2 protein chains.
Amino acid sequence: MKLPGKTVERLSEYRRTLLECLNEKRNFIFSHDLAARLHITAVQVRRDLMLIGYSSVLRKGYDVRELIDTIGKIIDSDSSMNVAVIGIGNLGRAVAGYFKGKRSKLNLVASFDNDPQKINKVISGVKCYPYNDIERMIKELDIRIAILTVPPDFARELTEEVVRYGIKGIMNFTTTPLNVPSGVYLEEYDMITSIEKVAYFVKENKI
Amino acid sequence: MKLPGKTVERLSEYRRTLLECLNEKRNFIFSHDLAARLHITAVQVRRDLMLIGYSSVLRKGYDVRELIDTIGKIIDSDSSMNVAVIGIGNLGRAVAGYFKGKRSKLNLVASFDNDPQKINKVISGVKCYPYNDIERMIKELDIRIAILTVPPDFARELTEEVVRYGIKGIMNFTTTPLNVPSGVYLEEYDMITSIEKVAYFVKENKI
DNA sequence: GGCCCAATGTTAATAAAATAACAATGCTCA
DNA sequence: TGAGCATTGTTATTTTATTAACATTGGGCC
């Protein structure tokens, strides 16, 4: 099945919202209700769910638990997938924090940094290794995904390295644009760009 | 002028890349060269620049300095715009760090948090005030944009507050979806969603 | 000067995403 | 039971974004 990127993003959001519903002991939810929580339209929700072939048996909305499982079957891998954070500064710690207590198929299993203060310590719930150990640890822990939160100047070099050692997906949070060989999936996000975008639209609103 | 959101994002990226060119003493750059640095196509670059009405006088590529200025005229506001970070945990500090040393029309002028350890201290280059001071400081410092990096449970409440006090743009980095009245621009970004997307495409690539 | 050519600016075509329209389903309640 | 209705699943339309096509420009070089 080939899902649009935007749909994949929303599925992740649906699942998180549905997990919140479970906490609230809500076992069924209407498409318009789920949509409202995410500030999108009900049509969009239904369309996305159509794409993954889910359909509610009842007309009492979607079975929350069932839908969570269905989404999991689509976006999770069968077995769990191991992740590492490269660069455990403020941003790296923030990202690592998100993994704590989340039940997910994504396991954060290591972080890397070259600061002697950090090496071999457990930071934000994950052990930090020096860059020298990257090759060994990627192989030893079967790490598939790298989250890059290093200073911009190290980004390219480290990317080449982790790709060479078998990383198949990179989430790049640095301001350095990267390129990766085909077969490796790259997602990039730049905070400053988003913030400048906000500034632009604030300005255009004329205030 | 009404620019597509994606174009605005890219303009921000063009500018940063162009500033790097200046550092390298490169005063002219071809569209395909600029494109290559950002891993997009030259057509896209030219099209974006067309939309902002920029055209190179020479056929030796774009005048880097001139283009930086032109982009600035489009995406920056005339006077500088003040920004605050709300919640100065790991993520808040990471964001604050990006503002340091950046010459931009966006000024980070305050942060807010309720941790007594942080209040009234300068953290990541910006003074931290307690939540109680939000109203006063927004008005006193003429803060227009709020960057939300608080725990999810506080997000909604704080948003209502800052909107009431005159914030016109919100960058939401929490996992809580927000809604804002019209006239306020909201941009949301969720790291976990992006990372799950990476995991999905890694899985689909079949490895 | 005038031909060549690389690079641009613009219009046209395609692809992707969001929205709208609507038929079908099955629950509710008289 | 069956009409009414809320909600769904799906197809069609519109909007937005990207890519392709191409005419134009003006400098380099003989």
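Bear in mind that the values here come from a model prediction, so they are computed numbers and not experimental data. Below, chain A is the first sequence line, B the second, and so on; all start at residue 1.
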Let me know the distance between CD1 of Ile52(A) and C1' of dG9(D), rounded to the nearest Å. 13 Å
Considering only residues two or more places apart or on different chains, which pairs with a residue in residues 5-34 of chain B satisfy ring pair (Phe, Tyr, Trp, His ring centres under 6.0 Å)? Phe30(B)-His32(B)
My understanding is that only residues two or more places apart in sequence, or in another chain, count here; which of them pass salt bridge (Lys or Arg N to Asp or Glu O under 4.0 Å) with Arg46(B)? none
Set out, line by line, the N/O atom pairs under 3.5 Å between protein and nucleotides 7-9 of chain C.
unit_1	atom_1	unit_2	atom_2	d
dT8(C)	OP1	Ser31(B)	N	3.0
dT8(C)	OP2	Ser31(B)	OG	2.4
dG9(C)	OP1	Ser56(B)	N	2.8
dG9(C)	OP2	Tyr62(B)	OH	2.9
dG9(C)	N7	Arg46(B)	NE	3.1
dG9(C)	O6	Arg46(B)	NH2	3.1

Phe28(A) CZ to dT8(D) P, in whole Å, measures 12 Å
Which ring pair (Phe, Tyr, Trp, His ring centres under 6.0 Å) pairs, counting each pair once, include a residue from residues 134-165 of chain B, with sequence neighbours left out? none
Sequence-distant partners of Asn179(B), side-chain contact (heavy atoms from CB on, under 4.5 Å), two or more places apart: His39(A)
For nucleotides 14-19 of chain C, list the nitrogen or oxygen atoms of the protein found under 3.5 Å from its nitrogen or oxygen atoms, one pair per line.
unit_1	atom_1	unit_2	atom_2	d
dA18(C)	OP2	Arg10(A)	NH1	2.8
dA18(C)	OP2	Arg10(A)	NH2	3.1
dA18(C)	OP2	Gln44(A)	NE2	3.4
dT19(C)	O4	Arg47(A)	NE	3.0

Could you tell me how far apart Leu34(A) (CG) and dT8(D) (C1') are, to the nearest whole angstrom? 14 Å
Atom CG of Leu51(A) to atom C1' of dT11(D): distance rounded to whole Å? 13 Å
Sequence-distant partners of Pro4(A), side-chain contact (heavy atoms from CB on, under 4.5 Å), two or more places apart: Thr7(A), Leu51(A)
Nearest-Å distance, CG (Asp33(A)) to P (dA6(D))? 16 Å
Who passes salt bridge (Lys or Arg N to Asp or Glu O under 4.0 Å) against Arg15(B), sequence neighbours left out? Glu196(A), Asp76(B)
List in chain and number order the residues that pass ring pair (Phe, Tyr, Trp, His ring centres under 6.0 Å) with Tyr62(A), two or more places apart in sequence or in another chain; answer none if no residue qualifies. Tyr54(A)
Evaluate whether atom CZ of Arg164(A) has more than 12 neighbouring non-hydrogen atoms of other residues, nucleotides or ligands under 6.0 angstrom away. yes
